[in-house]
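Quick note on labels: first sequence line is chain A, next is B, and so on, each numbered from 1.
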Number of protein chains: 2
Amino acid sequence: MGRTGSARSGEILAAALDLFTRLGYEATTMADIGTAVGVRGPSLYRHVASKQDILAQIMTRTMEELLAAHRSALAGLAGTAQDDPVERLRRATEAHVRYHARHRREAFVGNREIRSLVAPGRARVLALRADYERCFRDLIETGIQAGRFDVTSAQLASYAILDLGMGVAVWFREETSPDEDAVVWQYGQFALRLVGAH
Amino acid sequence: MGRTGSARSGEILAAALDLFTRLGYEATTMADIGTAVGVRGPSLYRHVASKQDILAQIMTRTMEELLAAHRSALAGLAGTAQDDPVERLRRATEAHVRYHARHRREAFVGNREIRSLVAPGRARVLALRADYERCFRDLIETGIQAGRFDVTSAQLASYAILDLGMGVAVWFREETSPDEDAVVWQYGQFALRLVGAH
DNA sequence: GCAGGCAGCTAATGGTCGTTAGCGAAATCC
DNA sequence: GGATTTCGCTAACGACCATTAGCTGCCTGC
């Protein structure tokens, strides 16, 4: 449960992430995860507290990383000449899409398995997600008030932009998809068009 | 397995749809479904072949309805004065979003539980989905060639538009969300902006 | 070289679940 | 009104699964 687990527990989280992505949380067994790291199922309990705890660690870490990526994308902008609502939304969307392309398994599991996450972890992840959504909504509302965006509902627009990222995590494949940078640029463009930026 | 089941089997499909949406396919038990229709788990087998068959019926029917909605949305347009790529994409997107708002549980399950669908049903649903995706891609490619859309990758744009609909199925609630017509109109607008329609 | 703990194993526990078997009552058909 | 089908029930089977108990070998510190 410690913040920095052993090397083995890192391997286990990685293997579990892969299996959760392909089979889903409910359908993957501890024995599956064990096999993936070259060990029998029960041996996993030397390194992790429970199957549920594996999921909780994956999901909270993912949401924290996503929020960190968002903040760091906007941090470099504060005080510079291009610090306006349009540029801020572009950067935020690009960071969003880049995370979903680069960490598609984390994002995929993070979004699809909330149903399987129980009591304390679930509330934590939902709170982080609500924070993240509010960041985008605020960005868009600010842009509307500054007269730079032309859209009636900041709520709908932010849902739309966030959902675009989720979609990327579903279909993006490192081998066969367009270049990550191309996707990131295109989706940043999509977001600005969507809110009618000018 | 018959195309037109008894009244009871309709109830069962409806109850299963609700439970699959809330708990997921793996997490709902036959006993859960039974309780929802006022019957014990084993009694369900008088009306359905298996749990897996329930899922298969829900998913194939959903994809067929979605394709039918798409075709009927475009059918009324052929030969009229407004039959151009922009209007066609608007209609297709509006039908897409309307279906996802009005049948959010069907669309939600249809998209999230493909992993749980096995051999024959899975291929069938994936084929229908591929057909549906191709409809949108073709619509966008035609618009690009006609010089009405300004977008480099029809592939990316169609993914983006389709994903917007999926998003609607996730957050839309009849009671608390904006009016269905408002969402449909707004998302149609989003799609046209996204491809740079003019 | 040896004591202790780290990290694996097998076996077992307790529970759940999809599905089948077999029975009985009520409705339906002729 | 008797025979048959329909549809429910309980009991049981067989499989699987997360987790725990208890054992063993190996590496490490001294």
Just the table, please: protein N/O against nucleotides 8-10 of chain D N/O, every pair under 3.5 Å.
residue : atom : partner : partner atom : Å
D:dG8   : OP1  : B:Arg8  : NE           : 3.3
D:dG8   : OP1  : B:Arg8  : NH2          : 3.3
D:dG8   : OP2  : B:His47 : NE2          : 2.4
D:dG8   : N7   : B:Arg46 : NE           : 3.3
D:dG8   : O6   : B:Arg46 : NH2          : 2.4
D:dC9   : OP1  : B:Arg40 : N            : 3.4
D:dC9   : OP2  : B:Arg40 : N            : 2.8
D:dC9   : OP2  : B:Ser43 : OG           : 2.5
D:dT10  : OP1  : B:Arg40 : NH1          : 3.1
D:dT10  : OP2  : B:Arg40 : NH1          : 2.8

- [ ] Answer yes or no: is there an ion pair linking B:Glu87 with B:Arg91, defined by an N-O contact shorter than 4.0 Å?
- [x] yes

- [ ] Could you state the atom-to-atom distance from CD of A:Glu26 to C1' of C:dT16 in whole Å?
- [x] 12 Å

TODO: Look at B:Glu11 together with B:Arg8 and state whether they make a salt bridge at an N to O cut-off of under 4.0 Å.
DONE: yes

- [ ] Starting from P on C:dG18, measure out to CG on B:Asp53 and report it in whole angstrom.
- [x] 15 Å

Open item on the list: Can you confirm whether the side chains of A:Tyr25 and A:Gln52 place a donor and an acceptor under 3.5 Å from each other?
Closed with: yes

Open item on the list: Can you pull out the residues from residues 13-22 of chain B that lie within a 4.0 Å heavy-atom distance of DNA chain C?
Closed with: none

TODO: Write down the distance between CD1 (A:Ile12) and P (C:dA7), rounded to a whole number of angstrom.
DONE: 10 Å

Task: Close aromatic pair by centroid cut-off 6.0 Å: B:His96 and B:Tyr132 - done: yes

- [ ] Quickly work out the B:Met30 CE to C:dG18 P distance and round it to whole Å.
- [x] 7 Å

- [ ] Can you tell me the distance, in whole Å, between the OH atom of A:Tyr45 and the C1' atom of C:dT10?
- [x] 16 Å

Task: Rounded distance in Å - CG (A:Leu55) to P (D:dA18) - done: 13 Å

Task: From NZ (A:Lys51) to CD (A:Glu26), nearest 0.5 Å - done: 6.0 Å

- [ ] Using only heavy-atom distances, determine whether the side chains of B:Gln186 and A:Thr152 contain a donor-acceptor pair under 3.5 Å.
- [x] yes

- [ ] In whole angstrom, give the distance that lies between atom CG of A:Leu44 and atom C1' of C:dC6.
- [x] 16 Å

Task: Salt bridge flag under 4.0 Å for residues A:Glu65 and A:Arg71 - done: no

Task: Centroid separation A:Tyr99 to A:His70 less than 6.0 Å - done: no

TODO: Could you list the residues that satisfy side chain to side chain contact (heavy atoms under 4.5 Å, CB included) with B:Ala101, not counting sequence neighbours?
DONE: B:Val168, B:Phe172, B:Glu180

Task: Atom-pair distance (CG on B:Asp32; P on C:dT19), nearest Å - done: 14 Å

